[in-house]
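First the structure, in the form of structure tokens, and then the observations on it.
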Amino acid sequence: MPIAAERDGFHGWFVDTRTGSIGSWREGSFPEEGRFASLSAFFQEVADHLEGVRRGHALRTAGGRARDAGPGIDAIRAWARVNGYVVNDRGRVPAAVREAFESSR
């Protein structure tokens, strides 16, 4: 079942209703199944991308200048686990965990 597609319909994302995993399609190639384990994991990745924290990359401001996205997401996750927080291996890290990490620095 499709969940997101580009306006032209030539590529997008779908839910495999048998497994619940998320796959993608692109014109001229076979669908890729199992790109994300669940719809929740897909939305967490989208949220990270929109917030500019995906893999610690810099954000682009409206003027086109790069802005530092801060410490890498993996560093925040490692700190959180050592300090007793429960965080997922993928996707978005809760704001409360980020704030605690920043205040500990």
Side-chain angles (χ1 to χ4, degrees):
M1 168 189 322
I3 57 171
E6 289 296 319
R7 185 176 287 171
D8 59 15
F10 293 134
H11 59 282
W13 299 91
F14 64 89
V15 174
D16 182 330
T17 57
R18 289 172 293 141
T19 65
S21 69
I22 306 300
S24 65
W25 79 86
R26 188 170 298 281
E27 182 183 28
S29 63
F30 291 104
E32 268 187 72
E33 295 184 18
R35 296 280 309 270
F36 294 92
S38 68
L39 191 56
S40 175
F42 170 75
F43 285 136
Q44 286 178 344
E45 180 78 12
V46 169
D48 282 350
H49 181 72
L50 292 173
E51 290 177 353
V53 297
R54 187 175 177 187
R55 294 181 187 85
H57 289 173
L59 298 173
R60 294 275 173 200
T61 63
R65 295 185 317 262
R67 178 169 62 91
D68 185 10
I73 195 81
D74 293 332
I76 296 172
R77 283 193 177 98
W79 176 90
R81 289 183 181 119
V82 167
N83 289 282
Y85 291 91
V86 177
V87 291
N88 293 328
D89 292 336
R90 294 183 53 147
R92 192 167 183 239
V93 173
V97 173
R98 288 178 184 277
E99 290 169 7
F101 174 79
E102 290 298 325
S103 67
S104 74
R105 294 175 79 196

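Ring planes of F42 and F36: perpendicular class, angle over 60° (limits at 30 and 60°).
S38 OG to F43 CZ: the interatomic distance, rounded to the nearest 0.5 Å, is 10.0 Å. Distance check, rounded to the nearest 0.5 Å: CH2 of W79 to CZ of R98 gives 12.0 Å.
Closest approach of G23 and R35 over heavy atoms only: CA-CG, 4.1 Å. The two residues F101 and A75 come nearest to each other via the heavy atoms CE1-O, 4.2 Å. Nearest heavy atoms, Q44 versus G91: CB-CA, 3.4 Å. When every heavy atom of Y85 is checked against every heavy atom of A100, the shortest pair comes out as OH-CB, 3.2 Å.
For R77, the side-chain hydrogen bond (donor to acceptor under 3.5 Å, both in side chains) criterion is met by no residue, not counting sequence neighbours. Here S40 pairs with nothing under the side-chain hydrogen bond (donor to acceptor under 3.5 Å, both in side chains) rule; sequence neighbours left out. D89 meets the side-chain hydrogen bond (donor to acceptor under 3.5 Å, both in side chains) test with R81; sequence neighbours excluded.
No continuous path of ILVMFWY side-chain contacts below 4.5 Å connects W25 to I3, so the two sit in separate hydrophobic clusters.
The only member of V15, I22, D16 that meets side chain to side chain contact (heavy atoms under 4.5 Å, CB included) when paired with T19 is D16.
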